[in-house]
Q: 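Below you'll find the structure I mean.
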Amino acid sequence: MSKVFDYRGTEDFSSGGFRFPNPKDSSLLLPLGHHVDVYFPPRKRSRVSAPFVVSGEQKQKSSIEVLPDECLFEVFRRLPGGQERSACACVSKRWLMLLSCIRRDELYSEKITQSVEPEKRSNPKKEDMSSESEQKGGYIDSNEIKAEAEEEDQETEANGYLSRCLEGKKATDVRLAAIAVGTGSHGGLGKLSIRGAISIRGVTNLGLKAIARGCPSLRALSLWNISSIDDEGLFEIANGCRLLEKLDLCQCSTITDKSLLAIAKSCPNLTSVTIESCLNIGNESLQALGCFCPNLKSIAVKNCRLVGDQGIANMFSSAGRVLTKVKLQALNISDVSLAVIGYYGHEVTDLALTGLQNVNERGFWAMGNGQGLQKLKSFAVTACRGVSDVGLESIGKGCPNLKQTCLRKCPLLSDEGLTSFAKTAGSLVSLQLEECHRITQFGFFGILGNSKKLKALVVENCLGIRDTDFEFPCMSLCNSLQYLTIRNCPEFGNASLAIVGRLCPKLLHLNLVGLQGITDEGLLPLVQNSEDGFTKVNLSGCVNLTDSVVSAIVKMHGSTLELLNLDGCRHITDASLVEIADDCLLLSELDVSGCGITDSGIAALAGAVHLILQILSLSGCSSVSDKSLASLGILGQTLVGLNIQHCHGISLGAVDLLVERLWSCDILA
């Protein structure tokens with residue numbers, strides 16, 4: 001045994017000398033018998049779960065958890081990087097919330113933290129691997145703390161910031177704290193959207209406080225339908241997120257003018273603000289935004305009962321030189337507000353007014369005569385009873401650069417006002433009319449005959465437009481019109497369509513939807529007079545059309561036609577598909593849902609070598625059966641979308657086989 005203790009070699013025993021200072025100490029020898037001695041070093045006492053009681057008092061177990069929050073705060077702010085903070089955040093909810101309270105400027109600098117970790121500083125490869133691991137993974141805590149860092153590149157904007165959206169049950173303070181801690185080391189949070197948080201365990205001011213302290217890079221904040229957040233939460237955002245550019249508040253009933261004032265003063269980069277259904281936000285907020293936000297370009301205020309003429313006037317008098325987009329909806333404003341907009345809106349390019357019940361004809365007239373909307377390009381009015389012939393004509397004269405106009409639910413607007421507007425608005429390119437029932441056939445053709453630059457005309461649900469025996473005077477051609485949509489105007493018939501064909505020879509896109517009164521007789525002149533060739537034709541719901549008009553469209557425009565929609569044209573048969581297969585060279589989308597199509601028509605399409613269909617809809621074609629399986633397989637070589645819903649002749653087995661074969665095609669069955 002003495003040879004063993006005196007051994008100094010490295011071949012058969014441990015290297016580096018003795019493990020213990022005095023290996024011959026008798027305490028290291030455990031006698032197992034009368035002739036055997038075994039070398040056995042002392043071991044550490046194993047932990048026991050039972051408390052050790054001395055003099056009747058329980059000895060407190062040593063743990064970092066006994067440290068007060070102030071001490072843990074100092075420890076956490078000295079952590080070297082985001083990966084370490086993320087790892088600590090998953091220990092407990094308490095640690096997570098403490099970490100989320102640390103501002104970026106309260107973290108120790110890199111020099112101090114790196115002095116604690118010389119090994120990490122001296123090994124660049126290890127540091128790169130650590131950074132890569134940080135980007136790929138995050139932390140998961142048993143107390144419902146989900147990994148935020150693992151979503152590092154879920155959506156990265158062009159400026160490099162991350163985007164997060166929390167909805168419903170996911171919108172909690174714990175989740176916001178995890179976002180605040182996890183995104184800090186991955187470029188910073190740029191966009192945050194919280195929608196519909198639940199009242200129990202939902203988002204509160206504490207969650208916004210975590211975002212404000214941990215995400216100073218936040219540029220866009222959206223809060224929808226959250227009643228548990230009040231001014232205190234937005235005060236934190238104002239103090240911590242001074243780079244904020246976009247703010248969207250919807251149905252936040254507990255937020256008042258005080259917090260909006262704080263944000264306006266603290267966030268000079270604010271460019272876009274949307275306030276909707278916030279019952280306690282009023283004139284003071286708009287005044288503050290106009291005074292303290294020199295970069296404010298877009299404002300939308302909807303259904304805020306406390307907003308009146310004073311707020312609109314103060315905002316435009318201060319920010320009229322920078323505001324470009326304005327949307328006002330369901331507000332208690334009068335003609336005064338429209339007059340102010342018309343006078344101070346020097347930079348406004350987009351203006352939308354909806355549901356302004358207290359605005360009369362005088363307001364629109366004053367807005368047009370204010371001469372301040374010289375740069376207005378887009379104007380939309382919906383459900384404003386004050387829109388009349390006089391007001392619309394005034395806007396046409398006072399807005400020389402107006403290009404797009406949308407008029408919805410304007411019951412006082414008549415043919416005379418619409419024709420005068422078409423004459424005065426010399427730059428008008430696009431016009432949309434919807435539910436303007438006083439507009440008749442005369443007003444419709446008055447637009448076409450007096451608009452020199454009009455390219456797109458949309459008429460929807462205008463019940464006053466109907467065929468009459470009125471003799472129209474000689475009108476100049478509307479050679480600029482390229483896009484025409486007439487939808488759900490049941491009295492629009494063949495006579496009106498024939499006049500359109502004579503006036504508009506340059507049409508490219510034709511959408512006639514739900515016009516049950518038109519037949520082949522009315523549509524054929526329009527098809528024959530088109531000079532440049534249709535590229536998109538939508539005839540869905542025109543139930544009285546037959547194969548004759550489809551044959552004319554295909555023969556005259558087959559070389560340019562890209563889309564053809566015949567949904568619900570029940571008189572269309574296989575003859576139309578044969579014509580399409582023979583003459584359409586560029587057709588990529590075909591819809592024959594609800595038509596009289598059979599297997600023979602599908603076979604004709606499959607036999608066209610030059611036809612490269614990408615979307616085919618056969619919904620409701622009950623005569624199509626399993627016999628078309630082979631033809632659909634051939635067409636499926638180029639298809640990306642196939643609709644065979646309600647095709648009762650196709651069995652479930654055939655559908656499964658199609659899904660298996662056409663793996664690159666989205667099939668609706």
Side-chain angles (χ1 to χ4, degrees), residues 324-328 335 337-354 356 359-460 462 464-465 475-476 478-481 483-484 503-504:
T324 58
K325 296 183 178 180
V326 179
K327 185 172 185 178
L328 306 178
D335 298 336
S337 294
L338 266 63
V340 171
I341 294 174
Y343 185 79
Y344 287 104
H346 302 288
E347 298 296 325
V348 175
T349 59
D350 296 79
L351 178 61
L353 306 175
T354 303
L356 304 181
V359 175
N360 300 315
E361 178 183 79
R362 184 176 59 178
F364 287 95
W365 178 86
M367 185 171 65
N369 286 319
Q371 300 299 317
L373 297 176
Q374 298 292 313
K375 296 184 178 181
L376 186 66
K377 296 181 179 179
S378 176
F379 179 56
V381 181
T382 302
C384 293
R385 301 181 61 87
V387 178
S388 64
D389 297 343
V390 176
L392 188 61
E393 183 180 2
S394 174
I395 291 174
K397 293 179 180 179
C399 306
N401 293 305
L402 186 61
K403 294 183 178 181
Q404 298 178 355
T405 301
C406 179
L407 304 173
R408 297 189 183 98
K409 299 181 180 180
C410 299
L412 300 181
L413 185 62
S414 67
D415 296 335
E416 183 179 355
L418 193 60
T419 304
S420 299
F421 176 72
K423 292 178 180 179
T424 55
S427 301
L428 191 64
V429 174
S430 174
L431 176 62
Q432 180 176 350
L433 301 174
E434 184 175 349
E435 295 188 35
C436 298
H437 300 309
R438 291 190 64 186
I439 303 299
T440 67
Q441 192 182 37
F442 182 82
F444 177 80
F445 290 110
I447 298 171
L448 297 180
N450 293 282
S451 299
K452 299 180 181 180
K453 297 182 179 180
L454 189 66
K455 291 184 178 181
L457 176 61
V458 178
V459 181
E460 299 184 22
C462 293
I465 301 178
M475 292 183 292
S476 60
C478 187
N479 289 318
S480 60
L481 192 67
Y483 309 91
L484 176 63
L503 295 179
C504 309

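These figures come from a predicted structure and were not determined experimentally.
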Q: Applying salt bridge (charged side-chain N to carboxylate O under 4.0 Å, His left out), name anything that partners Arg438, two or more places apart in sequence or on another chain.
A: none

Q: What distance separates Ser337 OG from Leu328 CG, expressed to the nearest 0.5 Å?
A: 7.5 Å

Q: If you take all heavy atoms of Phe421 and Leu392, which pair is closest and at what distance?
A: CD1-O, 3.4 Å

Q: Check step by step if side-chain contact (heavy atoms from CB on, under 4.5 Å) holds for Phe444 and Cys462.
A: CA-CA 10 Å; Phe444 177 80; Cys462 293; over 6 Å; no

Q: With Thr405, which residues qualify under side chain to side chain donor-acceptor pair (under 3.5 Å), at least two apart?
A: none

Q: List, one per line, each side-chain donor-acceptor pair under 3.5 Å for residues 373-382, sequence neighbours excluded.
A:
residue: Gln374; atom: NE2; partner: Gln371; partner atom: O; Å: 3.4
residue: Gln374; atom: NE2; partner: Gln371; partner atom: OE1; Å: 3.2
residue: Lys375; atom: NZ; partner: Glu347; partner atom: OE1; Å: 3.0
residue: Lys375; atom: NZ; partner: Glu347; partner atom: OE2; Å: 3.1

Q: Show me the side-chain donor-acceptor pairs of residues 445-453 shorter than 3.5 Å, one per line, residues at least two apart or across chains.
A:
residue: Asn450; atom: ND2; partner: Gly446; partner atom: O; Å: 2.6
residue: Ser451; atom: OG; partner: Ile447; partner atom: O; Å: 3.0

Q: Judged by atom type as modelled, is there a donor-acceptor pair below 3.5 Å linking the side chain of Ser420 to the main-chain atoms of Glu416?
A: yes

Q: What are the two closest heavy atoms between Leu356 and Cys384, and how far apart are they?
A: N-SG, 3.7 Å

Q: On a heavy-atom basis, which atom in Ile439 and which in Leu413 lie closest, and how many Å separate them?
A: CD1-O, 3.9 Å

Q: Return the set of residues passing side-chain contact (heavy atoms from CB on, under 4.5 Å) with Asn479 (not counting sequence neighbours), or none when no residue passes.
A: Leu477, Pro505, Lys506

Q: Nearest 0.5 Å please: distance from the CG atom of Leu503 over to the CG atom of Leu484.
A: 11.0 Å

Q: How long is the straight-line distance from OG of Ser427 back to CG of Asn401, given to the nearest 0.5 Å?
A: 5.5 Å

Q: Return the CG to CG distance between Asp335 and Asn360, rounded to the nearest 0.5 Å.
A: 5.0 Å

Q: Sequence neighbours left out, what passes salt bridge (charged side-chain N to carboxylate O under 4.0 Å, His left out) with Glu361? Give chain and number order.
A: none

Q: With a 3.5 Å cut-off and sequence neighbours excluded, list the donor-acceptor pairs that the side chains of residues 429-437 form with protein atoms.
A:
residue: Glu434; atom: OE1; partner: Arg408; partner atom: NE; Å: 3.1
residue: His437; atom: ND1; partner: Leu463; partner atom: N; Å: 3.3

Q: I'd like to check the side-chain contact (heavy atoms from CB on, under 4.5 Å) partners of Tyr343; sequence neighbours left out, ordered by chain and number.
A: none

Q: Taking side chain to side chain donor-acceptor pair (under 3.5 Å) as the test, write out the residues that go with Thr440, two or more places apart.
A: Asp415

Q: Which salt bridge (Lys or Arg N to Asp or Glu O under 4.0 Å) pairs, counting each pair once, include a residue from residues 389-407, with sequence neighbours left out?
A: Glu393-Lys397

